[in-house]
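To start, the structure under review is shown below, and the notes come after it.
These numbers come from a predicted model, not from an experiment. Proteins get letters first, then strands, A, B, ... in listed order; numbering begins at 1 in each.
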There are 2 protein chains.
Amino acid sequence: MRVKDERKIEVIYEATLHLIQEVGIAGITVAKIAKEAKLATGTVYIYFKNKEELINQLYLHLKKQTTENLFVGFDPAEPIKVCMKKLFVNALKNKMASFKEGVFMEQYYHSPYISQEAKQIGQTKMLPIIELMERGKQELLIKPIENEVLLGLMAGFVRQLAQAHIVQKFEMTSERIEHSFQVIWDAMKA
Amino acid sequence: MRVKDERKIEVIYEATLHLIQEVGIAGITVAKIAKEAKLATGTVYIYFKNKEELINQLYLHLKKQTTENLFVGFDPAEPIKVCMKKLFVNALKNKMASFKEGVFMEQYYHSPYISQEAKQIGQTKMLPIIELMERGKQELLIKPIENEVLLGLMAGFVRQLAQAHIVQKFEMTSERIEHSFQVIWDAMKA
DNA sequence: AAGTAAAATGAATATTTATTCACAAATAGA
DNA sequence: TCTATTTGTGAATAAATATTCATTTTACTT
């Protein structure tokens, strides 16, 4: 008997993400995905029950991946500033490398596909960051302001820098990353 | 004869935005829009040639509106810090008050509806801000870093704060706005 | 108050898109 | 090499959605 080629799942994911970056969740059709993946329409249905499941599986797959990546090399025992820098640089690099994924995840959040559970998953991954910020405030190294504000500062900055990098081809040299961290650190330091 | 009720256009826009916040551009149908607006499906076609035109008109309408709002009370003759604060507070208040609109505009950018022209419009409205930042750097009040970085800092922060406000019900008191500006000013000041 | 022209309606139709399915191609094991 | 079994194909069908249109309602004009 013939064996299922599991790499096709990756190919389908990649095709879907590529299309979504261009035309959004609103613009994709199963036929387009299949064409982009160089498969017949029907083949997609061998790997996924239907389009809805494909979208949901893709979301869960990415969520897992991106959360792991954020904390690569992160060691909460190190000084606050070092920890923050690690997180900032990781987040920025990941966001640039996975811009398509980000576009999809944002659109998914306001789409007919999202489930109530998926809406809640997002919060938990932030816990280690929250702890870090609390510690920073305790040590009087970080301004005594709400975590929402600090988190918004970081996340928003990273998002916009990645967007400038992708959309306006703003090259992100290591010097610029360095300067950007200096900026964000000045913002949060006490 | 009966006269066209131009306010219906507003009603249709509002219904569309409301739906998009929930289910995204991908989730809207003309039937749903009509129902939300308490109109018959066919009525939508009296005001708009088709769904595509409705979406595009809505985008242009919002683009015009939000650009105007950003500069309300803005006077480039005032000191840098005052100018920046004005822009920050305007941007934040607008983004909170028009969150639905923001969701739509972001999705529109990655959707099958966007035209090439619409992609470019976005840049021009930023000109007065760019000028302000250049002046700040000249006067040595603002860090000598790229405008993309400074702009990303502001825009990203505003976006995330507005998101926290809407999604997590983070109340945005005038004290918090004050603190938030202090944070962002510390980030950009030389 | 009657006439009329345009707006409003929503069921009917056209179009697009998702999903199925009969058949063809591939491959693991005998 | 042959066979059995599952994958892969893409045209056919089903389902969802956009759009039209015959009919009704409204409100302006005379």
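Heavy-atom distances under 4.0 Å link DNA chain C to B/Leu39, B/Ala40 of residues 15-40 of chain B, given in residue order.
Look at B/Lys8 and you won't find any side-chain N or O under 4.0 angstrom from OP1 or OP2 of C/dA7. Not one side-chain nitrogen or oxygen of B/Tyr45 sits closer than 4.0 Å to the OP1 or OP2 atom of D/dC21.
Without hydrogens or angle criteria, B/Ser98 side chain to B/Lys95 main chain gives no donor-acceptor distance under 3.5 Å.
One end of the helix from C/dA1-D/dT30 to C/dA30-D/dT1 points its axis 10° away from the other end's axis, with each axis taken from 5 pairs and the angle rounded to 10°.
Following rounding to the nearest Å, B/Asn50 (CG) and D/dA18 (P) show an atom-to-atom distance of 11 Å.
A distance of 6.0 Å or more separates the ring centres of A/Tyr59 and A/Tyr109. Under the 6.0 Å cut-off for aromatic ring centres, A/Tyr13 and A/Phe48 qualify, their centroids lying closer than that.
Residue A/Phe48 is out of contact with every strand shown, counting any heavy-atom pair closer than 4.0 Å.
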Report, one pair per line, the protein and nucleotides 22-26 of chain D atoms (nitrogen or oxygen only) whose separation is under 3.5 Å.
from, atom 1, to, atom 2, distance (Å)
D/dT26, O4', B/Arg2, NH1, 3.3

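With respect to A/Glu36 and A/Lys32, no salt bridge is recorded, no charged nitrogen being found less than 4.0 Å from a carboxylate O.
In summary, the side chains of B/Lys137 and B/Asn147 do present a donor paired with an acceptor at a separation below 3.5 Å, with no hydrogens or angles considered.
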